[in-house]
Amino acid sequence: MKALFDMVRDPVATVAAQTRWRGLLVVAVYGTLLPVPDTPENLTVFAKQLCNHGSGGYPQVRLAVLVACGTRAVIGAAFGPSTTGELEYAGRLADDLRAGMLLGDRNFAAAGLLNRFAATGAHLLVRRKSARRLPPVATVVTARSWPGSAR
């Protein structure tokens, strides 16, 4: 299955305006949980979700995919037990990022993960959580912001 996926994965855009911003291919990471059959073999690898009354439903696989935003074509995929967090699977997608891409996403404002993504040469646009305070890296003074300047 992996060999087949490797043969067909790629952004499949035919209209540049739908998939690119300023020449960069816009991509995102999408994560989800998928149920798998409730078999003894699957239960050795995949856990059921915890509910108010213990575990319930079917065992689940966590899936993270790197997609081209305009076409939703899958560029890369990582999956495994739902007990492993989405950030871990997102990190495995770093090998599928490359220069010429713009990764626009939320919930991935973790320094280690961002450093892995940045090392690929891809551009990053990541929303931070509102409670997170980042230190300023520079202060720019303009004529409008200078005290006593004409407005």
Taking every heavy atom of L63 against every heavy atom of A77, the minimum-distance pair comes out as CD1-CB, 4.4 Å
Value for CG (L66) from OH (Y30), rounded to nearest 0.5 Å, stands at 14.5 Å
On a heavy-atom basis, the closest approach of A90 and A64 is N-CB, 4.2 Å
CG of L97 to CG of L124, rounded to nearest 0.5 Å, is 7.5 Å
Closest non-hydrogen atoms of S82 and A47, given as atom of the first, atom of the second and distance, are OG-O, 3.8 Å
For P81 and Y89 the tightest heavy-atom approach is O-OH, 2.9 Å
Between M101 and the options D96, T120, V27, the side-chain contact (heavy atoms from CB on, under 4.5 Å) test singles out V27
When rounded to the nearest 0.5 Å, the distance separating CG of L33 from CZ of R62 is 4.5 Å
Common cluster, L114/L93, ILVMFWY with side-chain heavy-atom separation under 4.5 Å:
yes
message: Do L102 and L125 have side chains that approach each other closer than 4.5 Å (heavy atoms only, starting at C-beta)?
response: yes
Open item on the list: Quick check on the hydrophobic clustering: are V45 and L43 connected, directly or via other members, by side-chain heavy-atom contacts under 4.5 Å?
Closed with: no
Looking only at heavy atoms, the pair that brings F46 and P59 closest together is O-CB, 3.5 Å
d(R116 CZ, R92 CZ) to nearest 0.5 Å is 9.0 Å
Report yes if the side chains of V26 and L103 come closer than 4.5 Å at any heavy-atom pair, otherwise no. no
Applying a strict under-4.5 Å side-chain criterion to I, L, V, M, F, W and Y, I'd like to know whether V74 and V61 cluster together. yes
Separation between OG1 (T83) and CD (Q60), nearest 0.5 Å, reads 11.0 Å
Is it possible for you to say whether L34 and V65 belong to one hydrophobic cluster, with membership spreading through side-chain heavy-atom contacts below 4.5 Å?
yes
Do D38 and K48 touch side chain to side chain, with heavy atoms closer than 4.5 Å? yes
Is there side-chain contact between L25 and I75, with heavy atoms separated by less than 4.5 Å? yes
